[in-house]
Amino acid sequence: MKLFKSIKEFDVFTFLSGLAMQRLYGRDKKLPKFVRRALLFGPEHFSILGHIDFFRKNLAVFDPAKTNFSVLPINQDIEGAEDLALPIEIIDDLIDRSSHRAILSKCVCRMNYDCENYPVDHGCLFLGESAKDTPKKWRRMVTKEEAKAHARKGVSYGLVPMVGKIRFDSDTLGIQDKGKLMTICFCCECCCLSRFLGPLPPDLVDTLQHPVEGISLEITDDCIACGECVEVCYLNALEIVDGKVIRKDICRMCGRCAAACKQHAIKIKLDNPNVVDDVVDRLLSIVEI
């Protein structure tokens, strides 16, 4: 397996994390729980390094040229998006432009966290030339129509797509980062490793994970502070203060909170009629597919 390429591209964290995740991927039988916990320790705690200037400047996982992605909210009562099928229109556009497509047989996060809420066998979709380099025993190459059907199934489960260039995935899959691998990960709030971005400094998260262009979120006076939105926030970006839910700067406006709110007290708005083109253009400026 081709692991790493040049001294310039090598860093110890992504190397070790990649080795750990390779031990977890593609297994018919899960490793014992204590082994899984040990292997996941590094990826779970990488945010600690983001507070140290040396690691922030030198680790590929913190480099916006190598890690740059967005969460695409599922269109549930998004004001201003009534005529759009979000996020499917964005994903379809990317799939249509892709040269190759690969679907992983399992979601390593849900599998190794014993997810009980979402299907374990709905894995990531990868686009671009480097999709061919993903390990054959872990994936299947698919047509554009098969890729679109996979995306629609993920959205129907309530999984929120996370799309872009994620250096950690290249290291996990043991392939060279040529800037030609786009991840479309169907994330759950309970298991996805992206939830460990939460403790990072908000200004660093801003360079790595971008909200959709033109989207905003408001918590209205209808909020009764029941806490259900707090429970589903994968970044712990919501907290209850003085009887009202407060949104922290690290919020990426994924929309899970609005979907969970029985009081309809959280409003998501989109003020960008060109959102599909804007998101696609930004993603394609980062990774070639």
Side-chain angles (χ1 to χ4, degrees), residues 1-4 13-47 60-61 66-67 69 71-72 91 100-128 130-142 147 150-151 153-155 157-177 181-198 208-209 234-235 254 287:
M1 188 181 294
K2 295 179 181 178
L3 280 178
F4 295 95
F13 171 78
T14 51
F15 177 77
L16 294 178
S17 295
L19 287 179
M21 298 304 286
Q22 288 164 33
R23 297 299 180 271
L24 293 170
Y25 255 123
R27 293 179 174 273
D28 293 327
K29 294 183 179 180
K30 289 183 290 190
L31 293 169
K33 189 171 184 177
F34 76 93
V35 177
R36 286 184 276 145
R37 298 306 303 163
L39 289 171
L40 287 165
F41 181 86
E44 287 177 352
H45 293 85
F46 82 97
S47 60
V61 72
K66 299 171 184 174
T67 300
F69 60 98
V71 176
L72 306 182
I91 294 174
H100 302 85
R101 297 145 299 277
I103 296 173
L104 293 189
S105 58
K106 295 182 180 69
C107 171
V108 68
C109 298
R110 284 192 283 279
M111 180 179 72
N112 285 293
Y113 285 106
D114 302 313
C115 187
E116 297 180 356
N117 300 317
Y118 300 93
V120 170
D121 61 357
H122 197 86
C124 293
L125 168 64
F126 292 103
L127 308 180
S130 291
K132 296 186 300 180
D133 298 329
T134 55
K136 293 180 180 179
K137 63 180 180 179
W138 300 344
R139 53 80 168 160
R140 60 188 176 94
M141 302 302 295
V142 296
H150 185 75
K153 183 178 287 188
V155 169
Y157 291 142
L159 296 168
V160 177
M162 186 172 68
V163 183
K165 187 179 191 304
I166 303 177
R167 170 57 184 265
F168 186 68
D169 286 341
S170 297
D171 296 319
T172 295
L173 296 167
I175 62 177
Q176 182 175 355
D177 182 1
L181 185 71
M182 180 176 287
T183 297
I184 303 179
C185 181
F186 299 93
C187 294
C188 60
E189 68 278 4
C190 42
C191 303
C192 184
L193 284 172
S194 65
R195 69 191 189 278
F196 297 110
L197 288 171
L208 304 176
Q209 186 176 5
Y234 78 112
L235 288 177
C254 70
V287 56

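Sequence positions, counted from 1, serve as the residue numbers for this chain.
- Residues passing the side-chain contact (heavy atoms from CB on, under 4.5 Å) test with V120, sequence neighbours excluded: R110, M111.
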Quick one: side chains of residues 183-190, donor-acceptor pairs under 3.5 Å with protein atoms, not counting sequence neighbours, listed by atom name and distance.
residue: T183; atom: OG1; partner: D169; partner atom: OD2; Å: 2.6
residue: E189; atom: OE1; partner: Y118; partner atom: OH; Å: 3.3
residue: E189; atom: OE2; partner: Y118; partner atom: OH; Å: 3.3

Notebook entry, point to check: Should H122 and L159 be marked as a side-chain contact (heavy atoms from CB on, under 4.5 Å) after you check the CA-CA gap, both sets of side-chain angles, and the distance that decides it?
Noted result: CA-CA 10 Å; H122 197 86; L159 296 168; 4.2 Å; yes
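- Listed by chain and residue number, K30, R36 satisfy the side chain to side chain donor-acceptor pair (under 3.5 Å) test with D114 (two or more places apart in sequence, or in another chain).
- Taking the side-chain contact (heavy atoms from CB on, under 4.5 Å) definition, one finds that K136 meets it with R139, sequence neighbours left out.
- Salt bridge status for D177 with K66: absent, with no side-chain N to carboxylate O gap under 4.0 Å.
- For the side-chain contact (heavy atoms from CB on, under 4.5 Å) test, residues two or more places apart in sequence or in another chain that qualify with R195 are Y113, Y234.
- Here the closest heavy-atom approach between residue T67 and residue A60 is recorded as OG1-O, 3.5 Å.
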Next item on the list: Please report the C-alpha distance between V287 and F69 in whole Å, then the side-chain angles of each, then the deciding distance to 0.1 Å, and finally whether the side-chain contact (heavy atoms from CB on, under 4.5 Å) criterion is met.
Entry: CA-CA 10 Å; V287 56; F69 60 98; over 6 Å; no
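- Looking at heavy atoms from C-beta onward, L39 lies out of side-chain contact with N112 at the 4.5 angstrom threshold.
- Between S105 and D121 the shortest side-chain heavy-atom distance does not fall below 4.5 Å.
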Next item on the list: Could you walk me through whether S170 and F168 pass side-chain contact (heavy atoms from CB on, under 4.5 Å), step by step?
Entry: CA-CA 6 Å; S170 297; F168 186 68; over 6 Å; no
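- Put simply, the side chain of L197 reaches to within 4.5 Å of the side chain of Q209, judged on heavy atoms.
- Partners of F41 under the side-chain contact (heavy atoms from CB on, under 4.5 Å) rule, at least two apart in sequence or in another chain, are H45.
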Next item on the list: Begin from the C-alpha positions of L173 and L181 and carry the test side-chain contact (heavy atoms from CB on, under 4.5 Å) through to its verdict.
Entry: CA-CA 11 Å; L173 296 167; L181 185 71; 4.2 Å; yes
